[in-house]
Amino acid sequence: MEQQELDIITRMNEKYVKMSKGHKAIAAYISDHYEQAVFMTAAKLGDTVGVSESTVVRFAMGLGYEGYPEFQDALENWVKNKLNSVQKMGAKYGKCTQSEILNSVLGSDIEKIQDTMHSLDAAAFEAAVDIILEADSVYLVGVRSCEPLADFLHFYLSMIRGNIVLVKTTSVTEMFEQMIRISERDAAVGISFPRYSMRTLKAMEFANDRNAKVITITDSIHSPMNLYSSCNLLARSDMVSIVDSLVAPLSVINALVVALCLKKPEEVKRNLETLESVWNNYQVYLNDEINFIDEEPMLHYPLMKKSGE
């Protein structure tokens, strides 16, 4: 039964690409506001989204439910399962010492990085590096728990090249406003893990419709993010407790940054020299920061040699 209870979000993700405009709006609202949607009647949900009650009913039936009541029951069960994560965490870690919890969580993260190392497509990784370097502008999209990953990538990409746009918003409408100039000469990087963000998915759909090159950083080949991407970087991310483990995705982003630096070392060095000059001239850090130019930390990553070399 548990898989069936969880299927409601998966069903929306899998059917999203073929949905009508109204059905996409319903799916986006439920994905981002499931806590409110679970208590709404079909009429109230329709009013909130801006569609008719009959459209909401057809949406529910389009997902395979007999009607809106069965759909609402499935959503309620899914929400209950999410809330029960706290109880599950208590059952798993309730009798553990703090040290055992630390070792368990760190061990789980190590396992995720190892799995990602073995499964990540090297050709896709190389393609992502080239796309980011060659694009006129690069748009970065990550919301909810993925927002810090997008922030991190934006910080370092801005040191490597110009025209990096971090899309920060709380609505799909504002996302489109910030991406309105995206074209076939540009690239978009979307970062999303379960529970997948419909806002990020819509942004990638928009980028794809504008013929921009789309890169996704997500968890599996079944992720709806892959619907609009030509370059998929897969990193394992599971729920350790009530917290999403994003260690493996962050490692993939680190690898991207290092690979980009090694592709354009002189340009990166010039950018860092300019930054340090600005910092010193305007006493931004009062000389208490590490010396990036002398140390060149990003340019001195040891590279693993292939066997036989």
- Item | Under 3.5 Å: donor-acceptor pair, side chain of R199, backbone of A28 | no
- Query: Can V214 be reached from L234 by stepping across I, L, V, M, F, W or Y side chains whose heavy atoms are under 4.5 Å apart?
  - Reply: no
- When you measure from the side chain of R210 to the backbone N and O of I180, does any donor-acceptor pair fall under 3.5 Å? yes
- Between the side chains of N232 and S229, is a donor N or O closer than 3.5 angstrom to an acceptor N or O? yes
- Query: Nearest 0.5 Å, what's the NZ-CG distance between K112 and L246?
  - Reply: 10.0 Å
- Query: So which heavy atom on A42 is nearest to which on V57, and how close?
  - Reply: CB-CG2, 4.3 Å
- Note on the structure: On a heavy-atom basis, the closest approach of I215 and M204 is O-SD, 4.5 Å
- Would you say the side chain of L45 lies within less than 4.5 Å of the side chain of Y29, judging by non-hydrogen atoms? yes
- Item | From CA spacing to verdict: side chain to side chain contact (heavy atoms under 4.5 Å, CB included), Y139, R181 | CA-CA 10 Å; Y139 294 79; R181 292 182 179 83; 4.1 Å; yes
- Side chain of S158, backbone of H154: donor and acceptor closer than 3.5 Å? yes
- Item | From Q36 atom CD to I30 atom CD1, the distance as rounded to the nearest 0.5 Å | 12.0 Å
- Which distance, rounded to the nearest 0.5 Å, do you find between the CD1 of I113 and the OG of S251? 4.0 Å
- Regarding T216 and T218, is there a side-chain donor-to-acceptor distance under 3.5 Å anywhere? no
- Item | Nearest-0.5 Å distance, CG of residue L201 to CE of residue M225 | 6.5 Å
- Test item: L256 and F125 side chains (from C-beta on) under 4.5 Å apart, heavy atoms: yes
- Query: Do the side chains of L260 and K263 get nearer than 4.5 Å, heavy atoms only?
  - Reply: no
- Query: Hey, does the side chain of D186 reach the backbone of V138 with a donor-acceptor pair shorter than 3.5 angstrom?
  - Reply: no
- Note on the structure: Output for pair (T200 OG1, F193 CZ), nearest 0.5 Å, gives 11.0 Å
- Query: If you measure from the Lys or Arg side-chain nitrogens to the Asp or Glu carboxylate oxygens, is any gap between R236 and E111 under 4.0 Å?
  - Reply: yes
- Task: Measure across V49 and A25 and return the closest heavy-atom pair with its distance rounded to 0.1 Å.
- Result: CG1-CB, 3.5 Å
- Note on the structure: Minimal heavy-atom distance between M19 and A27, with the atoms involved, is SD-CB, 4.0 Å
- Query: So do the side chains of I191 and I253 get within less than 4.5 Å of each other, counting heavy atoms only?
  - Reply: yes
- Item | Check ion pair K24-E205 (N to O, under 4.0 angstrom) | yes
- Check whether any side-chain N or O of R161 sits under 3.5 Å from a backbone N or O of A135 as a donor-acceptor pair, and report yes or no. yes
- Please work out whether the ring planes of H23 and F59 are parallel, tilted or perpendicular, with thresholds of 30° and 60°. perpendicular
- Query: Does the side chain of T55 come under 3.5 Å of the side chain of S52 through a donor N or O and an acceptor N or O?
  - Reply: yes
- Query: So, does N163 use its side chain to make a donor-acceptor pair with the main chain of D136 at under 3.5 Å?
  - Reply: yes
- For K168, does its backbone N or O pair with a side-chain atom of Q178 as donor and acceptor, under 3.5 Å? yes
- Any donor-acceptor N/O pair, N77 side chain to D73 backbone, under 3.5 Å: yes
- State, with a plain yes or no, whether a side-chain heavy atom of I217 is found less than 4.5 Å away from one of V189. yes
- Taking all non-hydrogen atoms of both residues into account, name the closest pair between E66 and E70 and its distance. N-OE1, 2.7 Å
- Message: On a heavy-atom basis, which atom in G67 and which in M61 lie closest, and how many Å separate them?
- Response: CA-CG, 4.2 Å
- Message: Assess the residue pair Y65 and I8 against the criterion (side chain to side chain contact (heavy atoms under 4.5 Å, CB included)); give the C-alpha distance rounded to whole Å, side-chain angles, the decisive distance to 0.1 Å, and a yes or no.
- Response: CA-CA 10 Å; Y65 299 102; I8 185 168; 3.4 Å; yes
- Side-chain contact, heavy-atom cut-off 4.5 Å: V143 with M175? yes
- Task: Answer yes or no: are there more than 12 heavy-atom neighbours, outside E184 itself, under 6.0 Å from its atom CD?
- Result: yes
- Message: In this structure, is the centre-to-centre distance between the rings of F71 and Y68 below 6.0 Å?
- Response: yes
- Task: Look at the side-chain heavy atoms of Ile, Leu, Val, Met, Phe, Trp and Tyr, link any pair under 4.5 Å apart, and say whether I110 and V247 land in one connected group.
- Result: no
- Short question: side chain of S197, backbone of S192 - any donor-acceptor pair under 3.5 Å? no
- Message: With rounding to the nearest 0.5 angstrom, report the CG to CG distance, L140 to L166.
- Response: 6.0 Å
